[in-house]
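Given the structure is predicted, the values throughout are model-derived calculations rather than measurements. In what follows, chains carry the letters A, B, and so on, assigned in the order in which the sequence lines appear, proteins first and then strands, with residues in each chain numbered from 1.
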There are 2 protein chains.
Amino acid sequence: MGVGMKSIIQVSPGVPLYREVKRRITESVRHGEWPPGGAIPSESKLCERFGVSMGTIRKAVDELSAEGFLIRQQGRGTFVASHNQDRYLFAFFHVARQDGYKEYPKVDLVEFEKTRGDTTAAAMLRTEPGARMVRFVNKLELSGAPVVIDEILLPESLFPRLTEKRLRDRPATLYQLYQEDFRVTVIRTEERLRAIKADAFKARLLGMKVGEPLLQVIRVALSFKDQPVELRYSYVDTRRHEYYSAPMAAS
Amino acid sequence: MGVGMKSIIQVSPGVPLYREVKRRITESVRHGEWPPGGAIPSESKLCERFGVSMGTIRKAVDELSAEGFLIRQQGRGTFVASHNQDRYLFAFFHVARQDGYKEYPKVDLVEFEKTRGDTTAAAMLRTEPGARMVRFVNKLELSGAPVVIDEILLPESLFPRLTEKRLRDRPATLYQLYQEDFRVTVIRTEERLRAIKADAFKARLLGMKVGEPLLQVIRVALSFKDQPVELRYSYVDTRRHEYYSAPMAAS
DNA sequence: CAGTGGTCTAGACCACGTC
DNA sequence: ACGTGGTCTAGACCACTGG
């Protein structure tokens, strides 16, 4: 049938239709039309809505679901990914025991303050230098023993009125809290790793000697359009645990 | 048109056609019909060959190219990924200077022996315990200073007659050597990381003090069907460099 | 059973590379 | 001009989920 009838939606020349469909779907989610965890319209409904054919809808939804943003379930529908789901419990937590056993950590808030980001933090979070930040430190225990310290920096502009109390209420995961309380959805992360010596503060919290090796993970969490939303320094005691890197594909 | 005419290729019920097409394409590459770096037949040719429609071919090639196994180039054709390409130089080398500068390391072979794998190595490489292995150690220099030590274990069954001389000839990358000399193609890797103390051997090679923190990367390289083909222990001096983890998607 | 996503077809035109 | 992959259409049947 070739190009067929004209589509309802307009795109600049050179922009594929399915990209515009992807953009519109993410827009609708961001604007709250379809909440995290909820279903989006069926593929045939989306055809009508956007005036494009099934194949185009499928290509758009295929990619969004490969990016982890939508979740398809045959026979049920397509859902907006939510951090409030089992599948997310270990998606961003990569520490496991050396024998491979994975468990979810018990989290304790040990510090909380409002501060201003230094130049490094401002650069990594793409805020102006000296922007207001929320800074807090969590201690993570596995099988009752402390294994990880997380130092977390959030731009206050994205997380207004985040309180110490809210963090002490033990949200299932931080990224779920970001999503539900602040409509900030973490899509992916970038990480850099180093081996460092434990300082007095970390050694005390982790029950190790000063100077012992510690795995440092510098993580930037990114939302839509690669906007950085969280800077996190993790310190992992790898005497009995390991850090699992995501599988590296050849591409 | 619905199910249309019957396809030439047969599949067990429940196995999608495009999966069978994927399997056949990888088979043809593995059997040497289309060499790494070479072009595979055009999509229309593949339609005839497999007796399926373009859409099905495209879905198969889409996935193989997302897995990094094929490379599409509009207007030119589709090629079998080869480790002998610029894009691969940093695909599996994740160490960069702290300011983000990336360079390709100068490699020196410092040990080479034929040995037998211990139980750990045998388990990770899925060989029988005590299988013959080739073991060698490389020292990697960046900007003239040693930064990484690689200890590499290969099952001799996959790499027969690999000689010390061949490794000293400075192949562009090891994975290129595996591919060209032994038809072993690395598709992806799995990595686990720890922070450890430098021992005397590593401290000497890296020009650091014994006991200084060192990043250990335990990597298993996998080929088709997730067959493990290489076990590598990397030790990275992260005083001036960092280890970049692959981006973590939400899925 | 009706509705969803999953697979598949047989075409068409477009954008790009090469000659 | 020609062949490649990239996009898109308008359908069809299949497999699964839920009432």
Residue pair Glu43(A) / Thr78(A), side-chain donor-acceptor N/O under 3.5 Å: no
Nearest-angstrom distance from the residue atom CD of Glu48(B) to P of dG3(D): 13 Å
Heavy-atom neighbours of Lys106(B) NZ exceed 12 at 6.0 Å: yes
Heavy-atom side-chain proximity of Thr189(B) to Tyr175(B) below 4.5 angstrom: yes
d(CZ, Phe79(B); P, dG3(D)) in whole Å: 16 Å
Dump every N/O contact between nucleotides 5-7 of chain D and the protein below 3.5 Å, one line per pair.
from: dG5(D); atom 1: OP1; to: Thr78(B); atom 2: N; distance (Å): 3.4
from: dG5(D); atom 1: OP1; to: Thr78(B); atom 2: OG1; distance (Å): 3.2
from: dG5(D); atom 1: OP2; to: Glu43(B); atom 2: N; distance (Å): 2.8
from: dG6(D); atom 1: OP2; to: Arg58(B); atom 2: NH2; distance (Å): 3.1
from: dG6(D); atom 1: OP2; to: Arg72(B); atom 2: NE; distance (Å): 2.6
from: dG6(D); atom 1: O4'; to: Gln74(B); atom 2: NE2; distance (Å): 2.7
from: dT7(D); atom 1: OP1; to: Tyr18(A); atom 2: OH; distance (Å): 3.1
from: dT7(D); atom 1: OP2; to: Lys59(A); atom 2: NZ; distance (Å): 3.1

Row check, Phe224(A) ring normal vs Arg30(A) NZ/CZ: under 6.0 Å, within 45°: yes
Test salt bridge (Lys or Arg N to Asp or Glu O under 4.0 Å) applied to Glu20(B) and Arg23(B), step by step: CA-CA 5 Å; Glu20(B) 179 62 15; Arg23(B) 203 188 60 74; 3.0 Å; yes
Salt bridge present between Glu190(A) and Arg188(A) (N-O < 4.0 angstrom): yes
Whole-Å distance separating the CG atom of Leu46(A) from the P atom of dA10(D): 16 Å
Terminal axis angle for the helix from dC1(C)-dG18(D) to dT18(C)-dA1(D), five pairs an end, nearest 10 degrees: 10°
Geometric cation-pi criterion Lys22(A) and Phe69(A), 6.0 Å radius, 45° cone: no
Which atom of Ala60(A) lies closest to which atom of Val21(A), heavy atoms considered: CB-CG1, 3.6 Å
